[in-house]
Amino acid sequence: VGNAVTRLLWNTLKVLEEHDFQKFKRELSKIQPKEGYERIELESVAGLSPAALATLLYSHYGRSHCVEVTVEVLRAIGQVQQAEHLLDMLQTAPGSGECPALTRASDHSPIPGLHFVEQHREQLIQRVTSVSPVLDQLYGHVLTNEQYQSIRGMPTPQEQMRLLYSFMPSWDVACKDLFLDALKKTNNHLLQDLQGQ
């Protein structure tokens, strides 16, 4: 499992009993994350292993928020000791950074095993201004009609991109490649800028 923070999440999740792990997934799908983040739907996590869920938490919420969400869910299902243990481990883990400093620049460093569109989630959400042409490229291949219409209904490009990303946990690599191709066709200058970082 990828980087130090993802490994910490994995180590926390894999020691849960199976019924507690399922409770974690159900609670995760209910909590309301802070502004700018989408909830993870239950169907997106239903069949995931602890390692896969740890990777998803990191890619969905980013380095700065994934631990907060995990701790909140653990406390909600009564796993207070695990929540405290995770925070303790986070402060001593090599390469994970001190807890308050999780948002430092390494937020944007590539994570092994993550797709380009996952590595640059935050920047793509903030900087893609022309979302409709991307949606048109994905319609019928990656997005259902219902998903397409719901994204089109969001008032700002940022909210459209956040909702688009909320569907990503159920995508395979081919779907992410199609998303990347659509971005290259419609927002090529932005993609070149991100690839040059």
Side-chain angles (χ1 to χ4, degrees), residues 1-104 106-122 125 142 147 162-176 179:
V1 176
N3 58 30
V5 175
T6 311
R7 278 195 296 275
L8 284 177
L9 297 181
W10 175 48
N11 286 333
T12 302
L13 296 174
K14 73 178 181 180
V15 299
L16 295 177
E17 299 284 344
E18 179 60 28
H19 67 277
D20 287 324
F21 186 48
Q22 297 308 322
K23 273 169 66 177
F24 182 96
K25 291 177 178 178
R26 286 195 295 274
E27 188 63 34
L28 176 64
S29 70
K30 293 179 195 169
I31 67 156
Q32 192 58 48
K34 68 182 182 183
E35 190 176 351
Y37 294 88
E38 297 289 335
R39 276 190 308 117
I40 296 177
E41 298 299 332
L42 183 58
E43 56 264 30
S44 299
V45 299
L48 296 186
S49 66
L53 184 56
T55 303
L56 171 62
L57 282 163
Y58 191 105
S59 64
H60 188 81
Y61 288 119
R63 186 187 183 97
S64 57
H65 195 38
C66 64
V67 175
E68 287 175 50
V69 170
T70 303
V71 167
E72 184 181 342
V73 176
L74 286 168
R75 286 174 174 157
I77 65 170
Q79 296 287 329
V80 179
Q81 279 185 301
Q82 286 297 337
E84 300 306 318
H85 181 63
L86 173 59
L87 290 173
D88 289 343
M89 291 299 293
L90 186 73
Q91 290 173 345
T92 57
S96 64
E98 299 70 34
C99 198
L102 281 176
T103 52
R104 69 196 201 282
S106 55
D107 236 8
H108 300 298
S109 60
I111 304 154
L114 283 189
H115 196 281
F116 181 89
V117 295
E118 294 169 300
Q119 291 174 11
H120 297 282
R121 176 185 186 276
E122 287 302 318
I125 287 173
V142 177
Q147 291 171 335
R162 283 197 191 100
L163 184 55
L164 177 58
Y165 265 95
S166 74
F167 298 126
M168 192 175 287
S170 62
W171 296 2
D172 59 16
V173 174
C175 293
K176 292 169 188 174
F179 180 32

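Because only heavy atoms are used, hydrogens play no part in the values below, and waters and symmetry mates are left out as well, while side chains stay in.
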Query raised in the report: At their closest point, which heavy atom of Glu38 faces which heavy atom of Arg162, and how far apart are they?
Result: CG-O, 3.4 Å

Requested in this report: Kindly give the heavy-atom pair with the smallest separation between Leu57 and Leu9, and that separation in Å.
Outcome: CB-CD1, 4.1 Å

Query raised in the report: Which pair of heavy atoms, one from Thr12 and one from Leu16, lies closest together, and at what distance?
Result: O-CG, 3.8 Å

**Report entry** Pairwise distance CD(Gln79) to NZ(Lys23) - rounded to 0.5 angstrom
**Finding:** 7.0 Å

Requested in this report: Among residues two or more places apart or on two chains, list those pairs meeting salt bridge (charged side-chain N to carboxylate O under 4.0 Å, His left out) that have a residue in residues 166-175.
Outcome: none

Query raised in the report: Any idea how Trp171 and Phe179 line up, ring-wise: parallel (<30°), tilted (30 to 60°), or perpendicular (>60°)?
Result: perpendicular

Requested in this report: Give, for atom NE2 of His60 and atom CZ of Arg121, the distance between the pair rounded to the nearest 0.5 Å.
Outcome: 5.5 Å

Query - Distance, nearest 0.5 Å, that separates SG of Cys175 from CE of Met168 - result: 9.5 Å

Query raised in the report: Do you know the tightest heavy-atom contact between Arg39 and Lys30?
Result: CD-O, 3.7 Å

Query raised in the report: Minimum heavy-atom separation for Trp10 to Ala54, with atom names?
Result: N-CB, 3.5 Å

Report summary line: By ring pair (Phe, Tyr, Trp, His ring centres under 6.0 Å), Phe24 pairs with (sequence neighbours left out) none

**Report entry** 4.5 Å side-chain heavy-atom contact, Glu84 and Arg75
**Finding:** yes

Query - Check: Lys25 side chain, Val45 main-chain N or O, donor-acceptor pair, under 3.5 Å - result: yes

**Report entry** Polar side-chain atom of Tyr165 near backbone of Val117 as donor-acceptor pair, under 3.5 Å
**Finding:** yes

**Report entry** Heavy-atom pair with the smallest gap, counting every atom of Ser29 and Leu42
**Finding:** CB-N, 3.5 Å

Query raised in the report: Could you go step by step and tell me if Leu28 and Leu53 meet the side-chain contact (heavy atoms from CB on, under 4.5 Å) rule?
Result: CA-CA 11 Å; Leu28 176 64; Leu53 184 56; 4.0 Å; yes

Report task. Determine, step by step, whether Tyr61 and Thr70 satisfy the side-chain contact (heavy atoms from CB on, under 4.5 Å) criterion, reporting the C-alpha distance in whole Å, the side-chain angles of both residues, the deciding distance to 0.1 Å, and the verdict. Result -> CA-CA 10 Å; Tyr61 288 119; Thr70 303; over 6 Å; no

Report task. Could you note down all residue pairs passing salt bridge (charged side-chain N to carboxylate O under 4.0 Å, His left out) where residues 44-58 supplies at least one of them, sequence neighbours left out? Result -> none

Query raised in the report: What distance do Leu87 atom CG and Glu68 atom CD have between them, rounded to the nearest 0.5 Å?
Result: 9.5 Å

**Report entry** Leu164 vs Ile125 side-chain heavy atoms within contact, under 4.5 Å
**Finding:** no

Query - NZ on Lys176 to CD on Glu118, rounded to 0.5 Å - result: 3.5 Å

Requested in this report: Check each of Glu18, Arg26, His19 against Gln22 using the side chain to side chain donor-acceptor pair (under 3.5 Å) test, and report the only one that passes.
Outcome: Glu18

Requested in this report: With side-chain contact (heavy atoms from CB on, under 4.5 Å) as the test, would you mind laying out the steps for Leu86 and Gln82 before giving the verdict?
Outcome: CA-CA 6 Å; Leu86 173 59; Gln82 286 297 337; over 6 Å; no

